[in-house]
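Treat the numbers as computed from the prediction; the structure is a model and nothing was measured. Both backbone and side-chain heavy atoms feed into the values below; hydrogens, waters and symmetry mates do not.
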Amino acid sequence: MNKLVLLLLLAPSILSAQNLTDRQHYVTHQATGTLEMDGKLDEEDWQAAEWSNLFVDIEGDKKPAPLYDTKLKMLWDDKNLYIAVWMEEPDLWATYTKRESVIFHENDIEVFIDPDGDTHHYYELEINALGTEWDLMMTQPYRNGGSPINGWNINGFKKGIQLNGTINDPSDKDQSWVVEMAIPFEALSQRGPNPTVPRDGDQWRINFSRVQWQLEAQGDTYVKKINPETGKNFPEYNWVWSPQGHINMHLPEYWGYLQFAKSPVGQEKVAFQMKKDERVKDALREVFHLQNAYFRKNGKYATSSSELGASKNFDAYQLQFEVSATRYKISAPSIDSEGTWYITEDSRIWKR
């Protein structure tokens, strides 16, 4: 059987239950001076940058609020995207010291970045309280058969960790930890030696996830707490900046928005402006999910939106279907400008 067909048959149905207004957004301003990656955030630029909203459960309002607060702020210049994340933490814990360890098996903070918003070739970075990193590129989401490229590294990446407490010491209570990082635009470029630096008003898709395990003291160390009913570890908490609506960070279409503002930080407040074409892209993505559900039921793809039985009226988007036995391409004209948006069975969305 065709590999793509098999994946579609096995994949769970994930229909969009998220509105554009559900997604967080952040306007990042330009830094005016040098930022030292030490985790202290004592430079004037960091002091002027606004904190984000507090993190929520990955499923949003379906779950209780996180036990501990998490927030972030961002800056940029012509070389780097700067990110600072503050995390309330009474029990600082991390043991992994080898790079490319599966960091989320312990407490960590994770960054997900898709600069062009096409859901393919996006980046993931995980860091623990010891500063151990795992960075990778995803060819496409796992649901579409994507593979993690562990050999990819964020070349030129810099970070600083500030621990407000004593790590791996259950005899006391800690306060928090801070991760400060500089991510070079060049490392996120797929265009060779000439990376594209963001312009004023550009928007990326981005999200952040904090993985938190339930711990208990065992002698002079921490261990994961065991659920007596199952004999296994309690599942980890997943606290995120922008709610996914699903327990899955690898749904890039649900991430938040990062808007770049050329104005220096602290001088003026620039409003976030949702681009009109986001409505077009969301309509195409909803059809993508409906098409996959239709295929699982009927063994073929629909050739029109009316076949999908959707409650939403897609007529306004002037959708065009190109369908074969195992593939499809659906298009809709842009609202913002000239050109057409396309989505294919692998979830990639682009404009030309």
Side-chain angles (χ1 to χ4, degrees), residues 10-18 22-24 53-72 85-98 100-112 122 124-130 132-136 138 141-144 146 148 150 165 167-170 173-174 176-177 179 206-219 221-256:
L10 296 176
S13 176
I14 304 176
L15 297 180
S16 174
Q18 189 189 65
D22 293 331
R23 300 169 199 158
Q24 291 291 316
N53 292 338
L54 294 177
F55 282 30
V56 298
D57 187 87
I58 192 170
E59 295 183 89
D61 294 337
K62 296 179 182 179
K63 297 292 182 179
L67 300 174
Y68 312 125
D69 287 345
T70 309
K71 57 185 178 180
L72 62 92
V85 186
W86 174 90
M87 291 160 281
E88 181 184 20
E89 178 55 76
D91 298 301
L92 287 167
W93 172 64
T95 67
Y96 292 146
T97 58
K98 184 179 179 181
E100 312 294 5
S101 298
V102 183
I103 306 297
F104 68 80
H105 285 169
E106 297 183 346
N107 295 347
D108 77 353
I109 184 67
E110 304 174 3
V111 185
F112 297 82
Y122 58 87
E124 178 179 354
L125 169 66
E126 303 183 5
I127 302 176
N128 68 11
L130 291 173
T132 308
E133 306 162 22
W134 181 21
D135 50 5
L136 56 94
M138 285 295 301
Y142 287 112
R143 68 181 175 206
N144 301 113
N150 283 309
I167 193 167
N168 298 326
D169 182 359
K173 284 299 176 184
D174 309 308
S176 62
W177 60 299
V179 180
I206 192 169
N207 212 349
F208 302 83
S209 173
R210 177 180 176 181
V211 172
Q212 190 80 8
W213 295 86
Q214 295 186 49
L215 303 176
E216 60 184 358
Q218 190 175 90
T221 189
Y222 292 110
V223 296
K224 293 178 182 177
K225 187 177 291 187
I226 299 296
N227 183 341
E229 295 182 0
T230 65
K232 298 179 181 180
N233 300 326
F234 281 100
E236 72 276 20
Y237 294 110
N238 292 274
W239 302 329
V240 304
W241 171 59
S242 190
Q244 292 285 102
H246 309 274
I247 306 176
N248 186 352
M249 288 303 297
H250 291 275
L251 302 174
E253 63 266 35
Y254 296 146
W255 296 352

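Of the residues I127, D135, N128, the one that meets the side-chain contact (heavy atoms from CB on, under 4.5 Å) test with I103 is N128. Exactly one of Y237, F104, Y68, W241 qualifies for a side-chain contact (heavy atoms from CB on, under 4.5 Å) with R210. That residue is Y68.
For the pair V223/E216, a side-chain contact is recorded, criterion being any heavy-atom separation below 4.5 Å from C-beta on. The shortest side-chain heavy-atom distance between N150 and W134 falls under the 4.5 Å cut-off. Contact annotation: the side chain of F112 never approaches that of P252 to less than 4.5 Å [non-hydrogen atoms, C-beta and beyond]. With a 4.5 Å cut-off on side-chain heavy atoms, F234 and E236 do not count as touching. Between E59 and I247 the shortest side-chain heavy-atom distance falls below 4.5 Å. Here the side chains of L215 and N107 are in contact, with some heavy-atom distance below 4.5 Å.
For the atom pair CG of N233 and CG of N227, the computed distance is 9.5 Å after rounding to the nearest 0.5 Å. Going from atom CD of E89 over to atom CG of L67 covers 10.0 Å, rounded to the nearest 0.5 Å. We find the NZ-CG distance between K62 and D57 to be 10.0 Å, quoted to the nearest 0.5 Å. Atom OG1 in T95 sits 7.5 Å away from atom CG in L130 (nearest 0.5 Å). Atom CE of residue M87 and atom CG of residue D69 lie 12.5 Å apart, to the nearest 0.5 angstrom. How far CG of D22 is from OG of S242: 8.0 Å, rounded to the nearest 0.5 Å.
With hydrogens and angles ignored, the 3.5 Å screen pairs a side-chain donor or acceptor of D174 with a backbone N or O of L92. No donor-acceptor pair closer than 3.5 Å links the side chain of W255 to the backbone N or O of R23. With hydrogens and angles disregarded, no donor-acceptor distance shorter than 3.5 Å links the side chain of N144 to the backbone of G146. In this structure a side-chain-to-backbone donor-acceptor pair under 3.5 Å is missing from E124 to M138. K224 places a side-chain N or O within 3.5 Å of a backbone atom of H105 that can act as its donor or acceptor partner. In this structure a side-chain-to-backbone donor-acceptor pair under 3.5 Å is missing from S101 to Y96.
Scanning for side-chain hydrogen bond (donor to acceptor under 3.5 Å, both in side chains) contacts around N207 gives Q244, with sequence neighbours left out. For K173, the salt bridge (charged side-chain N to carboxylate O under 4.0 Å, His left out) criterion is met by D91, not counting sequence neighbours. For N168, there are no side-chain hydrogen bond (donor to acceptor under 3.5 Å, both in side chains) partners, not counting sequence neighbours.
Taking the six-membered ring where tryptophan is involved, the planes of F55 and F208 are tilted, since the angle between them lies from 30° to 60°. Classified by interplanar angle (parallel below 30°, tilted 30° to 60°, perpendicular above 60°), the ring pair Y142/H250 is perpendicular.
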Do W177 and I109 pass the side-chain contact (heavy atoms from CB on, under 4.5 Å) test, and can you show the C-alpha distance, the side-chain angles, and the key distance before you say yes or no?
-> CA-CA 10 Å; W177 60 299; I109 184 67; 4.2 Å; yes
Stepwise side-chain contact (heavy atoms from CB on, under 4.5 Å) check, V240 with Q24 = CA-CA 10 Å; V240 304; Q24 291 291 316; over 6 Å; no
